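Heads up, the thing below is written out as structure tokens.
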Protein chains: 2
Amino acid sequence: MPRSSLNRSVVVRRAAELADTHGLESVTLAAVARSFGVQTPSLYSHVRDLAALRDQVTVLALDELATRAGEAVAGRSRHDALRGFAAAHRSYLADHPGRWEALQRRAGPEAVAAPAARRVVQVTDAVLLGYGITGPDRTHATRVLGGALNGFLNLERIGSFAHSSPPAEQSWQELVDALHLVLTHWHQRGTSRGEETP
Amino acid sequence: MPRSSLNRSVVVRRAAELADTHGLESVTLAAVARSFGVQTPSLYSHVRDLAALRDQVTVLALDELATRAGEAVAGRSRHDALRGFAAAHRSYLADHPGRWEALQRRAGPEAVAAPAARRVVQVTDAVLLGYGITGPDRTHATRVLGGALNGFLNLERIGSFAHSSPPAEQSWQELVDALHLVLTHWHQRGTSRGEETP
DNA sequence: GTCCGCAGCCTAACACCAGTAGGCGAGAAC
DNA sequence: GTTCTCGCCTACTGGTGTTAGGCTGCGGAC
């Protein structure tokens with residue numbers, strides 16, 4: 001019997017695959033061990049905990065999402081960058097629904113401190129810089145942009161759009177265009193409300 | 001011993017309270033039974049399943065949210081209605097985090113077919129009608145609005161905003177103002193892209 | 001008032017899961 | 001070749017969902 005190729009990153013990757021095929025909440029230590037043909041307690045050499053395993057799936061997802069979004073944004077600006085950024089999110093959900101699910105969860109402290117989390121923010125910032133949004137406003141815009149994309153995709157994922165007629169794809173285009181409008185007018189709107197020069 | 005005050009709606013309500021205090025995933029049949037001083041199998045007279053219990057918490061949340069949002073919108077229009085609608089969502093999350101969590105989940109078929117789900121959409125439509133958004137565009141706007149609000153609040157809930165400086169409250173105001181801008185310009189943007197008269 | 005039906009809660013039991021304690025053997029170090 | 005170490009193992013505990021079937025006390029029929 002080969003001593004085994006079991007490994008922390010291998011275990012996490014397998015957990016992510018199980019999440020994608022059967023949903024995150026069916027990612028269980030017993031299921032992961034079964035998929036390796038191994039007994040459950042053997043995993044504790046590589047993973048502290050079930051919670052830690054799921055947290056690491058979250059970190060993996062953050063990392064992959066940041067990479068995919070970064071590639072989609074590279075060399076583009078404004079509307080093109082925004083479209084690529086949004087499409088990266090949507091395609092990641094389509095390709096890896098279980099890992100996406102892991103992003104919609106409150107993760108442990110070591111997961112949120114991971115560099116992968118910061119990378120996602122950095123890519124978002126790159127899009128906003130293309131719109132000329134800087135300073136403290138950029139944090140607000142990051143949150144608005146991230147929230148809108150995540151929220152739409154999450155509603156689509158849980159089936160909220162499945163029972164009304166127009167396909168979600170069209171609404172998605174509307175959302176991206178709406179965000180373009182918001183980002184284009186961000187500065188003017190901010191100054192008109194007198195928040196930037198108090 | 002009183003024959004019991006156990007009841008389907010009482011059980012669901014207790015499950016919702018447990019969700020609010022300890023999180024939705026700690027809503028377990030064993031915990032609900034314990035809170036009534038009753039054995040676990042006794043609950044099966046009132047609830048089909050653990051999944052059904054959680055689905056009914058979702059329906060309860062949809063109903064309460066629709067009521068709260070409806071009251072916040074009544075007699076208002078445009079920016080005022082939007083602000084009330086958004087504030088209703090945010091306050092519901094603050095007051096009932098566990099029930100909110102139940103809204104971010106894929107629910108069973110009988111839950112999504114519940115009248116409560118339609119009521120939420122109707123209230124949203126009322127806000128959009130105030131902006132003069134009608135016809136097929138209204139579905140898109142409903143999804144954009146719902147997605148943006150849900151997404152922002154969900155990111156706030158899972159702590160995504162806890163590690164950057166400006167408080168989330170300010171970003172929330174920015175989001176509501178941004179949505180006002182989007183809804184105000186919805187019609188123009190739609191026609192300018194030639195989608196309404198194909 | 002007495003009896004019966006039945007709804008509602010009970011015990012018993014099974015399968016599954018997370019997590020802990022300690023054993024054992026294969027490969028590496030020397 | 002001997003020894004050490006690490007990775008996987010077995011055995012076990014406590015908790016969970018779910019089913020099957022028993023008991024009991026309340027409400028209605030007479």
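As the structure is a prediction and not an experimental result, all values here were calculated from the model. Below, all heavy atoms of this structure are taken into account, side chains as well, without hydrogens, waters or symmetry copies.
What separates CG of A:Leu43 from P of D:dC8 is a distance of 9 Å, to the nearest Å. Distance A:Leu50 CG to C:dA18 C1': 7 Å, rounded to the nearest Å. Note: CD (B:Glu25) to P (C:dC17) measures 17 Å, nearest angstrom. Here C:dC10 presents its P atom at 12 Å from CZ of B:Phe36, a figure rounded to the nearest Å. One interatomic measurement links the two molecules: CG of B:Leu18 to P of D:dT16, which rounds to 12 Å at whole-angstrom precision. Atoms CZ (B:Arg54) and C1' (D:dG17) sit 11 Å apart, rounded to a whole Å.
The pair B:Arg90-B:Glu169 counts as a salt bridge, with a side-chain nitrogen and a carboxylate oxygen less than 4.0 angstrom apart. Salt bridge annotation for B:Asp49-B:Arg54: absent, with no cationic side-chain nitrogen under 4.0 angstrom from a carboxylate oxygen. Ion pair A:Arg48/A:Glu110 flagged as a salt bridge, since at least one NZ, NE, NH1 or NH2 atom sits closer than 4.0 Å to an Asp/Glu carboxylate oxygen. Between B:Asp55 and B:Arg105 there is a salt bridge, since a side-chain N of the basic residue sits under 4.0 Å from a carboxylate O of the acidic one.
OP1 or OP2 of C:dC9 lies within a sub-4.0 Å distance of a side-chain N or O belonging to B:His46. For the OP1/OP2 pair of C:dG8 and a distance below 4.0 Å, the side-chain nitrogens and oxygens of B:Ser42 include no atom meeting the criterion.
For A:Pro41, whose side chain is taken as the heavy atoms from C-beta onward, the closest listed nucleotide among D:dA11, C:dA18, C:dC9 is D:dA11. Checking C:dT11, D:dT10, D:dC8 against every side-chain atom of B:Gln39, the shortest atom distance belongs to C:dT11. In this structure, the nucleotide among C:dT11, D:dG17, D:dC8 sitting nearest to the side chain of A:Leu6 is D:dC8. Distances from the side chain of B:Val38 to the nucleotides D:dG17, C:dC10, C:dA21 place C:dC10 closest. With distances taken from any side-chain atom of B:Asp49 to the nucleotides C:dA21, C:dC17, D:dT18, the minimum falls on D:dT18. Of the candidate nucleotides C:dA18, D:dT18, D:dG17, C:dA18 has the atom nearest to the side chain of A:Thr40. The side chain of B:Thr28 lies closest to D:dT16, out of D:dC9, D:dT16, C:dG19. Between D:dT18, C:dG19, C:dC9, one nucleotide has an atom nearer to the side chain of B:Tyr44 than all others, and that is D:dT18.
For A:Trp100 and A:Tyr92, the ring centers sit 6.0 Å or farther from each other.
The residue A:Arg34 sits close only to the backbone: its heavy atoms come under 4.0 Å of sugar-phosphate atoms, none of a base.
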